[in-house]
4 protein chains.
Amino acid sequence: MSRDKILDAAVRVFSRSGYHRSSMDEIALEAGVAKGTLYYHFPSKALMFQALITEGMRMITGRIKSAINQDRTLQEQIELVIRLNVDLFLEYSELAHIFFNEISNGIEEDVLLVVRNERDAYMQFIADILIEAGMAQEDGRMAASGVLTMLNGLCGYYLRHPGEAKREQINRLLYAAVTTGLLQGQA
Amino acid sequence: MSRDKILDAAVRVFSRSGYHRSSMDEIALEAGVAKGTLYYHFPSKALMFQALITEGMRMITGRIKSAINQDRTLQEQIELVIRLNVDLFLEYSELAHIFFNEISNGIEEDVLLVVRNERDAYMQFIADILIEAGMAQEDGRMAASGVLTMLNGLCGYYLRHPGEAKREQINRLLYAAVTTGLLQGQA
Amino acid sequence: MSRDKILDAAVRVFSRSGYHRSSMDEIALEAGVAKGTLYYHFPSKALMFQALITEGMRMITGRIKSAINQDRTLQEQIELVIRLNVDLFLEYSELAHIFFNEISNGIEEDVLLVVRNERDAYMQFIADILIEAGMAQEDGRMAASGVLTMLNGLCGYYLRHPGEAKREQINRLLYAAVTTGLLQGQA
Amino acid sequence: MSRDKILDAAVRVFSRSGYHRSSMDEIALEAGVAKGTLYYHFPSKALMFQALITEGMRMITGRIKSAINQDRTLQEQIELVIRLNVDLFLEYSELAHIFFNEISNGIEEDVLLVVRNERDAYMQFIADILIEAGMAQEDGRMAASGVLTMLNGLCGYYLRHPGEAKREQINRLLYAAVTTGLLQGQA
DNA sequence: GATGAATGAGCCTTCATTCAT
DNA sequence: CATGAATGAAGGCTCATTCAT
């Protein structure tokens with residue numbers, strides 16, 4: 001259906017150029033529909049973006065939860081969550097950048113609120129794992145915030161220095177930051 | 001002078017609305033000068049942004065370097081660097097936010113390059129300390145990138161949840177991420 | 001359609017104020033459409049200008065060529081071409097004025113090239129007749145250039161001094177310049 | 001003095017870029033004075049241009065008249081005037097273009113009027129020679145207009161096709177147009 | 001459901017001009 | 001005489017949005 005073609009195209013375009021540099025023209029072109037069609041399915045650019053984030057997160061958290069919902073040790077869970085997050089981040093890098101760096105993009109305030117809530121829910125989801133592993137409530141939420149932005153930074157570095165860094169490093173360093181400290185996170 | 005008024009206003013406006021949503025009109029208004037005056041002092045919006053970053057970083061790195069240049073153990077150095085960074089980040093949160101986040105979306109390529117170099121130089125500066133502490137070269141650079149964005153995320157959380165989080169937590173979690181792992185970073 | 005309204009208005013405005021003093025606002029106003037509509041139909045001011053020249057010339061050369069394509073002596077051909085050119089110039093004086101004068105000052109290089117080619121093609125068309133009449137190749141091209149700008153000047157004079165000059169004089173002087181010299185071109 | 005430096009620079013700049021593309025900044029730079037100095041000596045850009053044309057024409061017509069004011073045959077006079085005009089045109093090509101192509105440049109109406117008068121005086125000066133050579137009054141004025149725009153066209157062609165055309169051709173073709181007709185103007 | 005022509009507010013930038021020194 | 005910092009009107013262009021079909 002048109003709606004899905006549009007949403008798929010929008011993810012690609014937003015992810016390639018960021019929210020502001022992505023134009024409705026470009027999205028329509030990429031989706032292979034007329035520009036008016038975008039407005040048939042979504043009331044505005046901002047609300048299209050919101051739909052994309054909301055539905056995308058539903059899918060993503062679903063995928064992660066179902067992957068976790070099997071008997072695993074805490075350590076395995078942490079490793080798995082990290083790996084899945086890194087994979088997702090690298091696949092949808094610009095979108096993830098937007099998702100984790102709120103203010104940077106002057107989206108309409110109400111839409112921003114929805115995106116933030118979505119993000120906070122996701123962070124709580126990560127925090128819960130850390131808390132279950134023994135962290136204090138407060139520390140857990142804050143640490144989750146830190147871990148996810150660190151993931152943001154490591155992936156960013158990886159993408160900006162192709163060839164230099166290896167993908168496996170990202171996972172290793174993140175795991176180290178959580179469990180042993182970065183200074184021990186090496187052979 | 002006008003130039004300083006403009007730069008001050010630009011930091012506020014850019015960090016409030018992000019690069020793209022900030023208009024030259026808004027900056028001129030905030031600075032209390034005519035729009036033409038912006039172009040008397042800076043050739044373009046992008047180059048104004050570049051000047052703001054370059055001059056801001058010169059001040060910040062200068063302050064950190066002069067604070068470190070004394071005999072200390074590595075551990076003390078790490079603690080100190082973290083504390084200074086957190087202090088600076090919270091003091092100049094607007095500038096810092098721009099520096100760490102607003103570096104991707106459609107600024108002219110050459111300006112982007114200058115800003116990135118500035119940031120990479122700073123990260124290398126942090127990386128050198130980690131490497132001296134025993135990290136591998138590659139891991140050091142990448143880890144520095146991760147630590148600084150984590151700092152970004154923790155400070156952001158702190159600022160977004162006033163009252164909930166305490167400032168000391170930021171330092172403690174960062175130090176833990178570097179030395180013992182976040183899960184051990186608690187009493 | 002909008003596109004035609006715009007092109008018509010553009011000819012009027014450009015020939016009234018010249019390329020640089022003509023603003024897109026003015027053209028939109030004259031065409032009775034919104035400014036954005038101009039950009040829906042033409043990618044830029046320069047390309048609008050190019051379209052106007054190209055399409056205008058296509059019409060004009062078409063008309064002249066079809067009038068010539070019959071058996072005539074060279075002398076008749078020269079007389080005919082002069083008369084047709086004068087007629088066209090006076091009928092489309094605005095467009096002609098642009099075509100012969102407004103071709104130098106700071107339009108984008110590629111557009112300028114297209115317009116010049118269009119004009120050179122037309123001049124070659126005139127040159128061929130002179131060459132066939134016995135002129136050297138080189139001289140023919142250059143002379144055609146001279147004759148057409150002279151036509152420009154004579155018609156301009158005629159239009160600027162209504163009442164003083166008679167239309168027939170234009171034809172006579174031009175014909176004289178080509179065949180007997182201006183000094184002999186009189187009863 | 002400053003005034004002369006400015007006028008000299010203005011001729012170069014206007015002649016290089018045309019009236020509209022020449023900025024007061026550029027003129028000040030070329031003259032080696034501050035921008036404010038321009039306005040100390042001239043009330044506005046348009047009036048500076050007017051001064052430049054008026055004083056330039058005074059010099060030019062002076063030069064031509066003094067060259068003519070010696071015993072010569074009419075034929076020699078015509079040859080001489082043509083040569084001098086071509087020399088001047090090629091030396092100050094853009095300026096000459098402006099001078100002969102009025103409307104093209106949307107200069108302020110009053111200044112335009114002065115420039116036009118200056119030009120009409122010059123054309124009358126050329127016309128007088130043609131009339132003395134036997135042309136009718138009316139034809140003389142119109143023909144002078146035609147000859148000068150033809151000169152405009154030939155020089156333009158020469159400048160646009162470097163290498164192809166030779167400078168001597170311009171003189172020869174112009175002389176032919178006046179005396180024998182272009183078709184006879186060749187060996 | 002879908003289209004695409006048309007819109008107009010808003011953006012970055014240029015530049016002739018002013019004025020206090 | 002001369003300066004140069006400051007101005008603000010105006011220009012070309014982009015783009016989210018509307019609406020008749």
Side-chain angles (χ1 to χ4, degrees), chain A residues 1-3 5-6 19-29 31-49 108, chain B residues 1-3 5-6 20-28 31-48 106 108, chain C residues 1-3 5-6 19-28 31-48 108, chain D residues 1-3 5-6 19-29 31-49 108:
Chain A
M1 222 215 302
S2 256
R3 192 176 189 282
K5 276 199 297 180
I6 291 172
Y19 181 78
H20 266 100
R21 298 280 285 200
S22 300
S23 72
M24 295 299 262
D25 276 279
E26 200 181 346
I27 294 170
L29 188 71
V33 302
K35 196 164 29 158
T37 309
L38 303 188
Y39 286 87
Y40 182 79
H41 290 289
F42 304 95
S44 74
K45 183 185 178 185
L47 259 10
M48 175 194 288
F49 180 72
E108 281 67 37
Chain B
M1 224 218 299
S2 257
R3 192 174 189 281
K5 280 198 296 180
I6 291 171
H20 274 101
R21 293 279 282 203
S22 299
S23 73
M24 293 302 260
D25 276 279
E26 197 181 350
I27 294 172
V33 301
K35 204 185 347 181
T37 308
L38 304 187
Y39 287 88
Y40 183 78
H41 291 288
F42 304 95
S44 72
K45 183 184 180 185
L47 257 11
M48 174 194 288
E108 280 69 44
Chain C
M1 222 219 296
S2 255
R3 193 177 187 280
K5 279 198 295 179
I6 291 171
Y19 181 79
H20 274 100
R21 294 279 283 202
S22 300
S23 73
M24 295 300 263
D25 277 280
E26 198 181 349
I27 294 172
V33 301
K35 199 174 9 170
T37 309
L38 304 188
Y39 288 89
Y40 183 77
H41 291 288
F42 304 95
S44 72
K45 183 185 179 184
L47 256 11
M48 175 195 288
E108 280 70 46
Chain D
M1 225 214 302
S2 254
R3 191 176 190 280
K5 277 198 297 182
I6 291 171
Y19 181 78
H20 265 99
R21 298 281 284 198
S22 301
S23 72
M24 295 300 262
D25 276 279
E26 200 182 346
I27 294 171
L29 188 72
V33 301
K35 195 163 31 158
T37 310
L38 303 187
Y39 286 88
Y40 181 78
H41 291 289
F42 304 95
S44 73
K45 182 185 180 185
L47 257 11
M48 174 195 288
F49 181 71
E108 282 67 36

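Lettering of chains follows the sequences in order, A, B, ..., and the numbering in each one begins at 1.
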>> Wobble G-U and Watson-Crick pairs count when both distances are under 3.5 Å; given that, what is the 5' to 3' dot-bracket string of DNA chain F, with | for pairing to other strands?
In response: .||||||||||||||||||||

>> Just the rounded figure in Å: distance from P of E:dC15 to CZ of D:Phe49.
In response: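 One finds 17 Å between P of E:dC15 and CZ of D:Phe49, rounded.
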
> For the pair made of CZ in D:Phe42 and C1' in E:dT17, what is the distance, rounded to whole Å?
Replying inline: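 After rounding, the reported distance stands at 16 Å.
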
> Between atom CE in A:Met48 and atom P in F:dC15, what is the gap in whole Å?
Replying inline: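 For the pair A:Met48 CE and F:dC15 P, the rounded distance is 15 Å.
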
>> Among residues at least two apart in sequence or on other chains, which ones pass side-chain contact (heavy atoms from CB on, under 4.5 Å) with B:Ser2?
In response: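 With neighbours one apart ignored, the set is B:Lys5, B:Val33, B:Thr37, B:His41.
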
>> In this structure, how many angstroms lie between the P atom of E:dC15 and the CG atom of D:Leu38, rounded?
In response: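 Answer to the nearest Å: 14 Å.
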
Within the sub-3.5 Å range, which N or O atoms of nucleotides 11-13 of chain E have a protein N or O partner, and how far apart are they?
from: E:dC12; atom 1: OP1; to: B:Ser22; atom 2: O; distance (Å): 3.3
from: E:dC12; atom 1: OP1; to: B:Lys45; atom 2: NZ; distance (Å): 2.7
from: E:dC12; atom 1: OP2; to: B:Met24; atom 2: N; distance (Å): 2.8
from: E:dT13; atom 1: OP2; to: B:Tyr39; atom 2: OH; distance (Å): 2.7
from: E:dT13; atom 1: OP2; to: B:Lys45; atom 2: N; distance (Å): 2.9
from: E:dT13; atom 1: O4; to: B:Lys35; atom 2: NZ; distance (Å): 3.0

> CG/A:Leu29 to NZ/A:Lys35 distance, rounded to the nearest 0.5 angstrom?
Replying inline: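 The distance works out to 11.5 Å.
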
> Where each residue is assigned the nucleotide of DNA chain E containing its nearest heavy atom, which of C:Val33 and A:Val33 is assigned the position nearer the 5′ end?
Replying inline: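 Counting from the 5' end, the first nearest nucleotide belongs to A:Val33.
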
>> Please enumerate all residues that pass side-chain contact (heavy atoms from CB on, under 4.5 Å) together with D:Leu47, with sequence neighbours excluded.
In response: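 So D:Leu47 forms a side-chain contact (heavy atoms from CB on, under 4.5 Å) with D:Pro43, D:Ser44, D:Gln50, D:Val111.
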
>> Between P on F:dC15 and CG on A:Leu29, what's the gap in Å once rounded to a whole number?
In response: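 Result: 13 Å.
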
>> Donor-acceptor pair, distance only, cut-off 3.5 Å: does the side chain of D:Lys45 make one with the backbone of D:Ser23?
In response: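 Looks like no, no N/O pair under 3.5 Å.
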
> Taking the inter-plane angle between the rings of B:His20 and A:His20 on a 0 to 90° scale, is it parallel (under 30°), tilted (30 to 60°) or perpendicular (over 60°)?
Replying inline: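 The arrangement is parallel - the two ring planes meet at less than 30°.
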
> How long is the line joining CD of A:Glu26 and P of F:dT14, in whole Å?
Replying inline: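 Roughly 14 Å, once rounded to whole Å.
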
> Which heavy atom of D:Met24 sits nearest a heavy atom of D:Leu38, and at what distance?
Replying inline: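 What the structure gives for the nearest pair is O-CD1, 3.3 Å.
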
> For F:dC1, does OP1 or OP2 lie under 4.0 Å from any side-chain N or O of D:Ser2?
Replying inline: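 Answer is no, no contact under 4.0 Å.
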
>> Could you tell me how far apart B:Ile27 (CD1) and E:dG10 (P) are, to the nearest whole angstrom?
In response: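 Atom-to-atom, B:Ile27 to E:dG10, this comes out as 17 Å.
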
> Phosphate oxygens OP1/OP2 of E:dT7: is one of them under 4.0 Å from a side-chain N or O of C:Thr37?
Replying inline: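 Yes, because at least one side-chain N or O of C:Thr37 sits under 4.0 Å from OP1 or OP2 of E:dT7.
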
>> Test of understanding: with side-chain contact (heavy atoms from CB on, under 4.5 Å), list the residues that count as partners of C:Phe42, not counting sequence neighbours.
In response: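 For C:Phe42, the residues satisfying side-chain contact (heavy atoms from CB on, under 4.5 Å) (neighbours in sequence not counted) are C:Arg3, C:Ile6, C:Leu7, C:Met48, C:Ala51.
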
